[in-house]
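Heads up: numbering here begins at 1 and tracks the sequence. Computation of the quantities below employed the complete heavy-atom set of this structure, encompassing side-chain atoms and omitting hydrogens, waters and symmetry-equivalent molecules.
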Amino acid sequence: MSTDQDLLADGRLTDGLLAHPYAVYDRLRDTAPVHRVTGPDGSPAWLVTRYDDVREALANPLLSLDKRHALPGGYKGFALPPALDANLLNMDPPDHTRIRRLVGRAFTTRRVEQLRAPIRRTADHLLDALGTSGGPHGSTDLIAAYAAPLPITVICDLLGVPDGHRRDFRAWTDVLVAPDPARPQAAKEAVVAMLGFFTQLLAAKRKEPADDLLSDLIAVRDEGGREGSDRLSEDELMSLAFLILFAGYENTVQLIGTAVLALLQHPDQLAALRADPSRLPAAVEEFVRYDGPALLAIRRFPREDVTISDVTVPAGETVLLSLSAANRDPRRFPDADRFDLGRDATGHLALGHGIHYCLGAPLARLEMEIALAALLERLPDLKLDGDPGDLRWRPSLRARGLLALPVTY
């Protein structure tokens with residue numbers, strides 16, 4: 001197994017980064033601002049780790065998300081069919097602007113705030129199930145019992161996905177985020193299953209529209225926009241549904257899990273938050289800064305040669321921006337490796353920056369706030385069950401997160 005020292009020696013983004021991400025990033029930031037590495041797909045890439053450089057690069061219009069700007073034979077990545085690949089993570093303006101405007105109406109702070117009561121009901125329902133299954137005291141895997149079902153319920157309700165398909169979607173997502181080398185066909189099978197699922201779902205919504213986001217997007221597609229200027233292709237419609245469901249579930253699961261772990265490993269911070277729950281909205285910013293799910297932002301490709309901290313990156317090569325490394329940069333956040341709910345964590349990059357800032361950020365923040373508030377209120381004796389060193393992390397650079405979080409309550 002590679003270590004962080006091995007990574008610095010051979011430049012491979014492999015096991016060292018997965019096992020010890022923040023130790024590796026500390027060494028990389030101290031060594032140089034930009035590193036030539038071998039990316040997760042085996043192709044060469046440029047890794048940027050310092051806060052100022054990452055923030056500037058995230059907003060640089062010369063760094064494109066469109067894979068058509070990649071050099072031939074360079075970036076490989078994960079291949080999706082066109083019906084799932086025409087999404088915001090692969091787009092630049094003007095297409096990105098057009099589609100983001102269409103779906104952005106569903107994720108304004110005002111509209112998201114209307115979901116507060118339904119989210120709290122879902123959280124209470126899940127915690128009720130812990131009580132009925134284990135009595136007043138018990139043990140559980142908090143990921144499987146709480147952190148995962150909460151966001152999948154919220155995002156599926158928002159889109160209008162029937163209950164019976166939610167468990168399947170969780171399984172497909174897990175396969176795509178952390179492919180099993182022993183099952184090379186599993187990811188392809190998951191993609192085929194998801195494509196069939198969304199095809200049937202769109203057909204059902206066209207036949208019987210409902211009061212949900214997916215029905216609204218179908219109306220935009222089929223009617224050509226309210227004023228005739230906003231349009232979606234069929235591939236864009238399906239890709240947008242896929243992205244909202246995928247990202248709205250996956251990232252929030254990991255955010256809730258790592259936030260709870262941070263609190264359980266820092267009892268003084270947990271006690272302070274219990275004493276004053278009104279600090280939760282501000283605390284959410286420190287949770288996502290300290291241990292967010294995105295080790296790396298979506299890859300970028302320079303439209304022309306670009307300079308990042310005096311390093312020239314040729315056009316078409318792959319640029320990897322480390323959000324996690326930037327968020328632990330002591331040049332921006334003093335004593336950055338310390339978990340401190342009292343710090344001013346605003347300005348973190350866990351949810352991106354610039355035009356590609358996370359569309360679902362208001363919803364993710366609200367879900368975290370409510371999920372943690374419910375836990376603090378209803379499980380006052382929550383504790384980690386076992387040695388923290390035995391916790392297993394998902395073997396993925398796409399979304400860092402716990403495979404399980406065993407707790408007692």
Item checked: Cation-pi geometry met for Arg289 and Phe333 (6.0 Å, 45°) ->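 Here Arg289 passes the 6.0 Å and 45° test against Phe333.
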Notebook entry, point to check: Would Arg365 and Glu285 satisfy salt bridge (Lys or Arg N to Asp or Glu O under 4.0 Å), going step by step from the backbone distance to the final call?
Noted result: CA-CA 8 Å; Arg365 286 185 167 99; Glu285 305 308 315; 2.7 Å; yes
Measuring from atom [atom1] of [X] to atom [atom2] of [Y], what distance do you get when rounded to the nearest 0.5 angstrom?
X	Y	atom1	atom2	value
Leu405	Asp385	CG	CG	9.5 Å
Glu236	Asn87	CD	CG	10.0 Å
Leu402	Asp141	CG	CG	9.0 Å
Tyr357	Arg100	OH	CZ	9.5 Å

N-O pairing of [X] and [Y] below 4.0 Å:
X	Y	answer
Arg116	Glu113	yes
Arg338	Glu286	no
Asp157	Arg166	yes

Next item on the list: Please lay out, stage by stage, how Asp212 and Ser215 fare under the test side chain to side chain donor-acceptor pair (under 3.5 Å).
Entry: CA-CA 6 Å; Asp212 56 55; Ser215 295; 2.9 Å; yes
Checklist line | Listed once per pair and sorted, the side chain to side chain donor-acceptor pair (under 3.5 Å) pairs that draw on residues 290-306, sequence neighbours left out | finding: Tyr22-Asp291, His69-Arg303, Tyr75-Arg299, Asn90-Arg299, Asp92-Arg303, Asp291-Arg400
Check: Is there a salt bridge (Lys or Arg N to Asp or Glu O under 4.0 Å) between Arg36 and Glu317 once you walk through the steps?
Finding: CA-CA 11 Å; Arg36 186 69 163 164; Glu317 298 208 351; 2.7 Å; yes
Checklist line | Evaluation steps, ring-ring contact (aromatic ring centres under 6.0 Å, His included), between Phe246 and Trp172 | finding: CA-CA 10 Å; Phe246 186 96; Trp172 298 329; over 10 Å; no
Next item on the list: Just do the side chain to side chain donor-acceptor pair (under 3.5 Å) check on Ser233 and Asp235 with the steps written out, would you?
Entry: CA-CA 5 Å; Ser233 70; Asp235 283 352; 5.6 Å; no
Note to self: Please give me the minimum heavy-atom distance between Ala32 and Thr49, naming the atom from each residue.
What the structure shows: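 So the two residues come closest at O-OG1, 4.1 Å.
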Note to self: Can you confirm whether Ile155 sits close enough to Val161 that some side-chain heavy atom of one is under 4.5 Å from a side-chain heavy atom of the other?
What the structure shows: no
Next item on the list: Specify whether Phe169 and Phe197 have parallel, tilted or perpendicular ring planes, treating 30° as the upper limit for parallel and 60° as the lower limit for perpendicular.
Entry: tilted
